Student: 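Mind having a look at this structure? Questions to follow.
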Amino acid sequence: MFQKILIANRGEIACRVAATARKLGIKTVAVYSDADAQAKHVQVCDEAVHIGGSAPKDSYLRWERILQAAQDTGAQAVHPGYGFLSENEDFAKACAAAGLVFIGPPASAIQAMGLKAASKQLMEQAGVPLVPGYHGADQDPALLQREADHMGYPVLIKASAGGGGKGMRIVKKTADFAEALASCKREAINSFGDDAVLVEKYVQRPRHIEIQVFGDTHGNCVYLFERDCSVQRRHQKVLEEAPAPGMTEALRQQMGEAAVAAAKAVNYVGAGTVEFIVEQTGYDSPESMKFFFMEMNTRLQVEHPVTEAITGLDLVEWQLRVASGEPLPLRQDQLRIQGHAIEARICAENPDNNFLPATGTLSVYRKPACSSFEIPNTSHTGLSVRIDDGVREGDSISPFYDSMVAKLIVHGDTREQALARLDEALAQTRIVGLTTNVQFLRRVIQTDSFATAKLDTALIQREDKALFGQEPLGLALTAAAVVASTLQREAALTGHDPFSRRDGWRAYGMATRRFGFVFHGQAQTALLTYGHDGTTQFAIDAMVDAPLPQPVFGALTWRAEGDQLAIAFAGQQARVQVFMHVEGGDDVAHVFAPQGATRITVIDALAHAGEVQEAGGRLTAPMPGKVVSFSVNVGDKVKAGQPLAVMEAMKMEHTMAAPADGEVLELLYAPGDQVAEGAELLKLKLD
Ligand code: ADP
Ligand code: ADP
Ligand code: MG
């Protein structure tokens, strides 16, 4: 076994590899770009070498630099992770030339599987079923069109060098073919520097089912069963699970053996994935499922943890053992599936805006109780939730790299149990500071299609009404949560118990406080009234077209439970957590509750302090704080809106203005005095 390896990657996969290396007593060397100088993967490795600028071409793709770093630090092998250099046969060769072990397949296998068209020709010879289509070298547009017409529409045009869901066009009729071909070729040359394409029959109700394979240098090759990755957006995976729902023992064996045949055809060594597209006539007829080879990914896959969860194996450990020359730890007949696992990819992106990637800082990043990089149910923790990530609270998601923030992996005895655990874990995942797909993922797994495993790659489109533009909490609960948390925070800051404090001024009469909100683009106002009986009444006036059909009012109660608040309002109850975050100069409250999360802009109540007073000629403190100054004296005539006093509360100064024209009768406090919420600061005689 190696003593030291270099990890030629970043983010979660670099951290993932480092975790297994540490477990095996192998030292690790990280490499990092300018943007990643403080990154988690640098922190978790034993040594780190700076390799250049933030753009991948200036750092993570500069293999001379990476090889130099490996030699300088005395690393014996290089783990490429996924993406970047992982499927670059020249890099694999360069490692060997530099006397380093490339932890991956032989360069020849990478090359053989690198282009989709050439790999399909190879698979044809190996007897692996292929999607009907054309994958020849002749790229004459007229020939490609004839082939498409011949196989019948819809067809899929694919860039042979493509990856990551790029360079694909679905064509529904012959008249659209020429235009789609031209645009596919433009994207292919731009993204991959190679505009060769293949044309495939577009499979009906397609499911993406892939097989994890593993080979060693002793001629052994096994399959570690399947993963279903049918839930996709833009031909990219969103959720992955194992085993595939509806899979039969017979089909699993056929697909497994076809995958092993594919791997053996290229003398495969290490971890690899053979991706199949599966045709199904209905959702409940596994016997109708027909599988066809799509491509082979010659590396560790993003979704490898679901295979780890159902087999109890550490695939990175297998990679390291195989690369150091050991035989595979287990034979095919020793491999078993246990339970069900699902992975959700948490990405910085906006599902409601066509999944546009987002950047920003993880101001809040709270995870459910989980293990990290340990296989669920097999680790000493006994936890069934695992999170693989390469970021910490406070870190940024930069525009330079992948938008994936974390992978959440759950395991259960059954699919239903795994699904319930995933829902709960997503509900407990709290991210503030950048837009993510966390709430979207929850909605996807709650759809009937996903819950009952009616899977195909069009699931997200089919369920679009339930998935996009949703508001899980509604205005009443959201506003109530923000008000309750504001009052709770104020009480904590001043050390006052809101209930004992209220006794002091209740005799003066009703105190009210107004809150302004902007919710889904609509201005909303809410009024809080402290009743004589010690209750807090809360009311929201609905505006025209607002999410509420009519005004809502009632008692608002809340109680702290750890870092959450148990609130009740207008017949709704929830345990909520509210985080305030400044966005574009606005104070935005992010409200998390078991039923979902939402955001609401809070208009500073104190900025409108003048408006909150009743017309009784009293100016009262809208929140607990300290009197800083009075800008008027007894006997002064004042105009409505004129500043009368300045208070300091929550580390900020707030100016209070006259509610109406009048004359100052009495100042009831002196600068420096602490006052309770609702305390009367001065008396006015109104005109
Ligand atoms: P998987 O196939 O393992 O599920 P993805 O297709 O999402 O993973 O890709 C894994 C990683 O590799 C991502 O970071 C993606 O951006 C990157 N990637 C995939 N294919 C290519 C490619 N052809 N060129 C560059 N990066 C790629
Ligand atoms: P990439 O290299 O980008 O991963 P793939 O060939 O693996 O490209 O295809 C990506 C996705 O596109 C698949 O997971 C599947 O959802 C869809 N797809 C690919 N080929 C077909 C096909 N012939 N019919 C239907 N869908 C397909
Ligand atoms: Mg693929």
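The structure displayed is predicted, hence computed values, not measured ones. Whatever order the structure lists ligands and atoms in, that order sets their numbers, starting from 1.
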Student: Can the positive tip of R10 be found less than 6.0 Å from the middle of the six-membered ring of Y82, inside 45° of the ring normal?
Tutor: no

Student: Is the shortest side-chain N to carboxylate O distance from K93 to E89 below 4.0 Å?
Tutor: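 Judged by the 4.0 Å cut-off on N to carboxylate O distance, K93 and E89 do not form a salt bridge.
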
Student: I'd like to know: is the Mg ion (ligand 3) within the 2.8 Å range of an N/O/S atom from E275, strictly under that distance?
Tutor: yes

Student: For the 3.5 Å polar cut-off, considering only N or O atoms, please tell me whether L156 and ligand 2 meet it.
Tutor: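 In this structure, L156 places no N or O atom under 3.5 Å from an N or O of ligand 2.
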
Student: Taking both backbone and side-chain atoms of M168, is any N or O found less than 3.5 Å from an N or O belonging to ligand 2?
Tutor: no

Student: Check this for me: does any side-chain nitrogen of one of R207 and D228 sit under 4.0 Å from a carboxylate oxygen of the other?
Tutor: yes

Student: Got a salt bridge between D448 and K454, using NZ or NE/NH1/NH2 to carboxylate O under 4.0 Å?
Tutor: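 Yes, D448 and K454 are salt-bridged.
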
Student: For the Mg ion (ligand 3), which N, O or S atom of E295 is at the shortest distance?
Tutor: OE2

Student: K166 and E187: salt bridge (Lys or Arg N to Asp or Glu O under 4.0 Å), yes or no, with the steps?
Tutor: CA-CA 8 Å; K166 278 199 206 148; E187 184 172 305; over 6 Å; no

Student: Got an N/O contact under 3.5 Å between G165 and ligand 2?
Tutor: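 There is such a contact, yes.
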
Student: Looking at V131, which atoms of ligand 2 are within less than 4.0 Å of one of its heavy atoms?
Tutor: 23 (N)

Student: Is the shortest N/O to N/O distance between T457 and ligand 2 below 3.5 Å?
Tutor: no

Student: Find all atoms of ligand 2 within a distance of less than 4.0 Å from any non-hydrogen atom belonging to H208, and give their numbers and elements.
Tutor: 13 (C), 14 (O)

Student: Which of the numbered atoms in ligand 2 are below 4.0 angstrom from a heavy atom of E275?
Tutor: 7 (O)

Student: Check contact between K201 and ligand 2, using heavy atoms of the residue and a distance below 4.0 angstrom.
Tutor: yes

Student: In a check of side-chain hydrogen bond (donor to acceptor under 3.5 Å, both in side chains) between D456 and each of Q461, Q232, R462, which one passes?
Tutor: R462

Student: Against heavy atoms of Q232, which atoms of ligand 2 measure under 4.0 Å?
Tutor: 11 (C), 13 (C), 14 (O), 15 (C), 16 (O)

Student: I'd like to know if E303 pairs up with K237 as an ion pair, taking the criterion as any Lys NZ or Arg NE/NH1/NH2 lying under 4.0 Å from an Asp or Glu carboxylate oxygen.
Tutor: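 Yes, E303 and K237 are salt-bridged.
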
Student: Can you list the atoms of ligand 2 that are under 4.0 Å from a heavy atom of K116?
Tutor: 1 (P), 2 (O), 5 (P), 6 (O), 8 (O)

Student: Under the salt bridge (Lys or Arg N to Asp or Glu O under 4.0 Å) rule, collect the residues that match up with K185, sequence neighbours excluded.
Tutor: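 Checked K185 against salt bridge (Lys or Arg N to Asp or Glu O under 4.0 Å); zero matches.
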
